[in-house]
Amino acid sequence: MSRTIVCFHAHPDDEALLMGGTMARLSAEGHRVVLVTATGGEAGLAATAIKATMPLGERRLRELAASATALGCARVAVLGYGDSGMADQPTHHPNAFSQLDVDVGAHRLAQVLQEERADVLTIYDPAGGYGHPDHVQVHRVGRRAAQLNATPLVLEATIDRRALQRVLRRIRLLTLRSPDLDPARFNALFADPRRITHEIDVSRYLPQKRAAMQAHVSQTTADDGTRLLGMLLRLPAPLFRMVLHREWFVEHGRTPQRPPADDILASFNQADGRRADS
Ligand SMILES: [Zn+2]
């Protein structure tokens with residue numbers, strides 16, 4: 001049965017890194033995948049040469065469209081709030097998403113959920129992954145919108161914190177030495193592995209995920225060097241696969257099992273199976 005999945009993200013490029021493989025898989029399996037982004041990501045770092053030719057917000061929306069095409073999205077909606085910037089470098093944008101009244105944002109998102117008759121909404125974990133204020137707000141606004149719309153299935157796109165720390169320890173041995181990538185920084189970020197309900201192997205969809213990541217050209221470099229997205233895209237193929245072939249989710253109301261489910265629609269499929277059995 002074809003389902004409609006609305007994927008709610010904070011900035012252009014979050015969709016590609018966090019769940020691009022899952023989105024590509026869902027669209028390849030015939031589901032309707034709708035990408036909703038809260039902000040244009042205009043406060044993202046980018047090299048001066050890139051910012052000189054076009055306003056960054058405008059460029060990032062074009063990149064978002066290209067990424068959505070690579071992932072097979074049926075629709076892209078941008079809510080148009082201001083990018084708040086990182087907690088230690090706030091933009092003070094008058095319309096900053098992180099400062100928005102949760103109910104106001106939730107009504108905007110609920111409208112999309114209603115138009116789409118969404119079966120599934122994906123949001124972020126309560127920590128906002130790595131703690132960006134706009135990511136924390138995606139969690140709050142997304143939860144509230146799902147309540148308003150009575151969306152049947154809500155999943156938090158996240159990362160298994162322990163798996164991430166293992167990968168970071170391994171790549172630090174090779175090339176990527178950066179204090180940003182110190183495994184200890186992640187002790188309270190993303191999700192405790194005991195909360196993870198879904199681990200999706202997206203190996204078959206790595207070409208689409210990579211194409212989506214590549215679409216966000218402005219986010220690959222900054223004036224002081226290559227950024228995380230650029231570093232990941234430069235990894236040799238086996239390392240790229242090791243780092244990016246899994247995606248994780250926490251489904252609200254589902255008890256985590258070992259191994260975790262490997263399909264974000266598993267709860268629907270189990271319910272369908274039970275109906276078929278009876
Ligand atoms: Zn983001």
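Order of listing sets the numbers, starting from 1, for every ligand and every atom in it. Keep in mind that the numbers below use all heavy atoms, side chains included, and drop hydrogens, waters and symmetry copies.
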Of all the atoms in [X], is at least one N, O or S atom closer to the Zn ion (ligand 1) than 2.8 Å?
X: Asp14; result: yes
X: His135; result: yes
X: His132; result: no

Within the 3.5 Å criterion, strictly below it, is a donor on [X] or [Y] matched to an acceptor on the partner's side chain?
X: His139; Y: Asp125; value: no
X: Gln137; Y: Arg140; value: yes
X: Tyr81; Y: His93; value: no
X: Thr4; Y: Glu116; value: no

The Zn ion (ligand 1) - closest N/O/S atom in His11: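 Looking at His11, the N, O or S atom with the least distance to the Zn ion (ligand 1) is ND1.
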